[in-house]
Amino acid sequence: MLKSIYLVRHCQASGQDPQAQLTDEGVHQAGQLAEFFKHKPIEYIVSSPFVRAINTIQPLSELIKVEIHRDERLQERILSATPLANWMEKLEETFYDFELKFDGGESSNEALGRGLEVIAELLDRPEKTFLIVTHGALLSLIIKQYNKDFGFEDWRRLSNPDVYRLEIQDHITEINRVWPDHI
């Protein structure tokens with residue numbers, strides 16, 4: 001049976017804090033996403049509990065009458081518990097060494113593991129079409145799991161929002177970007 005999972009990076013937000021709101025442009029983008037998805041057979045929505053992620057998919061949820069399920073495992077990847085002046089370089093290193101871990105942070109493997117747990121649980125559900133809302137770093141790790149060529153520079157090119165469709169049938173997977181390329 002073919003299963004489709006739309007992987008969504010949240011819309012433009014005012015910051016990185018879990019309570020950060022969408023900007024005015026982000027609110028507009030959320031409306032555009034709702035229009036994009038409204039005729040797709042989305043049966044189940046699961047999102048990071050961060051406000052910007054919930055607000056990204058709320059318009060679609062209301063439009064198609066599908067509940068948003070919050071899942072802590074979809075929150076942004078924790079690179080370090082303390083601010084890193086050279087965080088971009090440190091993040092890039094984690095794209096090459098999936099075991100690399102900084103003070104109070106999680107390795108790429110740890111972050112990826114929680115994202116893949118969510119996907120595995122969705123694949124066990126009876127529905128066929130799902131939508132996940134998460135954040136750029138975690139989304140990148142998930143994409144890389146299915147497309148080994150996806151790397152740090154691809155992460156840098158992700159947009160807010162960005163959407164990939166993961167299709168799985170009989171253990172064969174295909175992942176493709178579908179937003180904003182559809183415009």
Side-chain angles (χ1 to χ4, degrees), residues 2-11 13 16-18 20 33 37 42-57 60-61 66-81 87-88 90-102 104-125 127-169 171-179:
L2 175 66
K3 299 245 182 172
S4 295
I5 302 174
Y6 288 93
L7 302 162
V8 179
R9 182 185 191 190
H10 64 80
C11 296
Q16 297 298 313
D17 183 83
L33 277 177
F37 280 116
I42 305 298
E43 299 169 273
Y44 194 90
I45 298 172
V46 61
S47 176
S48 158
F50 287 16
V51 170
R52 62 187 178 273
I54 297 295
N55 290 348
T56 290
I57 210 59
L60 177 66
S61 170
V66 174
E67 178 184 355
I68 301 170
H69 302 271
R70 291 172 170 84
D71 194 315
E72 297 282 333
R73 295 172 296 179
L74 295 173
Q75 68 186 4
E76 184 56 286
R77 182 239 182 115
I78 302 165
L79 186 61
S80 171
W87 70 270
M88 186 82 74
K90 297 296 187 188
L91 179 63
E92 183 174 9
E93 290 175 32
T94 68
F95 272 80
Y96 301 104
D97 181 353
F98 269 48
E99 292 301 326
L100 182 59
K101 191 172 178 174
F102 301 107
E106 58 187 338
S107 71
S108 293
N109 274 335
E110 289 170 331
L112 175 60
R114 59 184 167 84
L116 293 179
E117 283 176 3
V118 173
I119 290 173
E121 288 172 14
L122 293 179
L123 294 176
D124 284 341
R125 293 187 57 85
E127 298 89 354
K128 292 190 254 179
T129 308
F130 306 90
L131 190 145
I132 292 175
V133 185
T134 190
H135 305 268
L138 183 56
L139 174 63
S140 294
L141 294 172
I142 293 170
I143 294 168
K144 187 168 181 62
Q145 177 69 23
Y146 299 101
N147 175 0
K148 300 299 183 205
D149 294 332
F150 194 94
F152 178 73
E153 289 304 317
D154 297 297
W155 167 81
R156 289 176 61 117
R157 287 190 291 270
L158 287 177
S159 61
N160 290 90
D162 216 319
V163 181
Y164 281 74
R165 181 178 55 231
L166 172 63
E167 293 183 321
I168 301 173
Q169 184 168 14
H171 304 289
I172 298 171
T173 61
E174 183 176 337
I175 191 162
N176 294 294
R177 188 177 196 208
V178 295
W179 175 293

Look at the side chain of [X] and the backbone N and O of [Y], then say whether any donor-acceptor pair between them is shorter than 3.5 Å.
X: Glu167; Y: Ser4; value: no
X: Thr94; Y: Ser108; value: no
X: Arg77; Y: Leu112; value: no
X: Gln75; Y: Phe50; value: no

Spacing of [atom1] belonging to [X] relative to [atom2] belonging to [Y], to within rounding of 0.5 Å:
X: Ser48; Y: Glu76; atom1: OG; atom2: CD; result: 8.5 Å
X: Lys3; Y: Thr173; atom1: NZ; atom2: OG1; result: 15.5 Å
X: Ile132; Y: Leu74; atom1: CD1; atom2: CG; result: 6.0 Å
X: Arg165; Y: Thr129; atom1: CZ; atom2: OG1; result: 10.0 Å
X: Tyr146; Y: Ile5; atom1: OH; atom2: CD1; result: 6.5 Å
X: Leu91; Y: Leu100; atom1: CG; atom2: CG; result: 10.0 Å

Do [X] and [Y] come within less than 4.5 Å of each other through their side chains, counting heavy atoms only?
X: Tyr164; Y: Leu158; answer: yes
X: Glu99; Y: Asn109; answer: yes
X: Val66; Y: Phe37; answer: no
X: Asn147; Y: Asp154; answer: no

For Glu153, all residues meeting side-chain contact (heavy atoms from CB on, under 4.5 Å), sequence neighbours excluded: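 Glu153 satisfies side-chain contact (heavy atoms from CB on, under 4.5 Å) with Arg156, Arg157 once adjacent residues are dropped.
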Contact summary for [X] and [Y], nearest pair of heavy atoms:
X: Ser47; Y: Ile54; value: OG-CD1, 3.6 Å
X: Leu79; Y: Trp87; value: CD2-O, 3.7 Å
X: Lys144; Y: Phe150; value: NZ-O, 3.0 Å
X: Phe98; Y: Leu141; value: CZ-CD2, 3.8 Å
X: Ala13; Y: Arg52; value: CB-CD, 3.5 Å
X: Ala137; Y: Trp155; value: N-NE1, 3.8 Å

Selection residues 109-124 - residue pairs positive for salt bridge (Lys or Arg N to Asp or Glu O under 4.0 Å), sequence neighbours left out: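 Counting only pairs at least two positions apart or across chains, the salt bridge (Lys or Arg N to Asp or Glu O under 4.0 Å) contacts touching residues 109-124 are Arg73-Glu117, Arg73-Glu121, Lys101-Glu110, Glu106-Arg114.
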For His10, the option from Thr134, Asp162, Ile57, Thr56 that meets side-chain contact (heavy atoms from CB on, under 4.5 Å): Thr56
Qualifying residue for side-chain contact (heavy atoms from CB on, under 4.5 Å) with Tyr6, from Ile45, Val133, Leu166, Ile42: Ile42
Worked verdict on Leu33 versus Val163 for side chain to side chain contact (heavy atoms under 4.5 Å, CB included): CA-CA 9 Å; Leu33 277 177; Val163 181; 3.8 Å; yes
Tyr44 and His69 aromatic ring geometry - parallel, tilted or perpendicular at 30°/60° bounds: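 Aromatic pair His69/Tyr44 classed parallel.
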